[in-house]
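See structure below.
Just the heavy atoms: all of them, side chains too, but no hydrogens, waters or symmetry mates, feed the values below.
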Amino acid sequence: MSLNVCDLPKLDPRESSFLIAGPHSALKLFLRHLPALKPSGGARRPVLYVHGATFPSACSVAHRFDGVSWRDALNEAGFDVWALDFQGFGSASRSRADPHCSSFHAFASR
């Protein structure tokens, strides 16, 4: 699996984002990472959030209600938070065969 750094807008200044290989060679999955503010005892403790059928990571784990997201809370507790967008959701690649796939960035820019 190779990681390619993305130049998409960040939801947090410390966030890194990547396009990774998926089940279809021409399409990529999107992975975002927010490293722990203070790793607990020096050890890295990863959490991987995999969204449900309709909401990408930007609209779920990373969405801030009253200024704080679930990702922020995990991060402050010492976890490295990784969030995956499946093909056709969020910032992952979309198949041209499925014109109904929506993009969070397209929605947010309205």
Once the angle between the rings of Tyr49 and Trp70 is folded into 0 to 90°, is it parallel (under 30°), tilted (30 to 60°) or perpendicular (over 60°)?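 Tyr49 and Trp70: perpendicular rings.
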
Would a distance-only check, ignoring hydrogens and angles, find a side-chain to backbone donor-acceptor pair under 3.5 Å from [X] to [Y]?
X	Y	answer
Arg64	Leu11	yes
Lys10	Glu15	yes
Arg45	Ala77	yes

Taking C-beta and beyond as the side chain, do [X] and [Y] meet within less than 4.5 Å on heavy atoms?
X	Y	answer
Leu84	Val61	no
Val47	Trp82	no
Lys28	Ile20	no

Residues in ring pair (Phe, Tyr, Trp, His ring centres under 6.0 Å) with His63, at least two apart?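 Once residues adjacent in sequence are excluded, the partners of His63 under the ring pair (Phe, Tyr, Trp, His ring centres under 6.0 Å) criterion are Phe65.
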
Qualifying residues under side chain to side chain contact (heavy atoms under 4.5 Å, CB included), relative to Arg14, sequence neighbours excluded: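 Partners of Arg14 by the side chain to side chain contact (heavy atoms under 4.5 Å, CB included) criterion, ordered by chain and then number, come out as Asp12, Leu34, Pro35, Leu37, Asn75.
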
Salt bridge (charged side-chain N to carboxylate O under 4.0 Å, His left out) contacts in which one or both residues fall within residues 17-26, not counting sequence neighbours: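 Passing the test, one end in residues 17-26: no pairs.
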
How long is the straight-line distance from CG of Leu27 back to CG of Leu19, given to the nearest 0.5 Å?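 So the gap between those two atoms works out to 11.0 Å.
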
Looking just at side-chain N and O atoms, do Ser57 and Arg32 make a donor-acceptor pair shorter than 3.5 Å?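 The criterion, which ignores hydrogens and geometry beyond distance, is satisfied for Arg32 and Ser57.
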
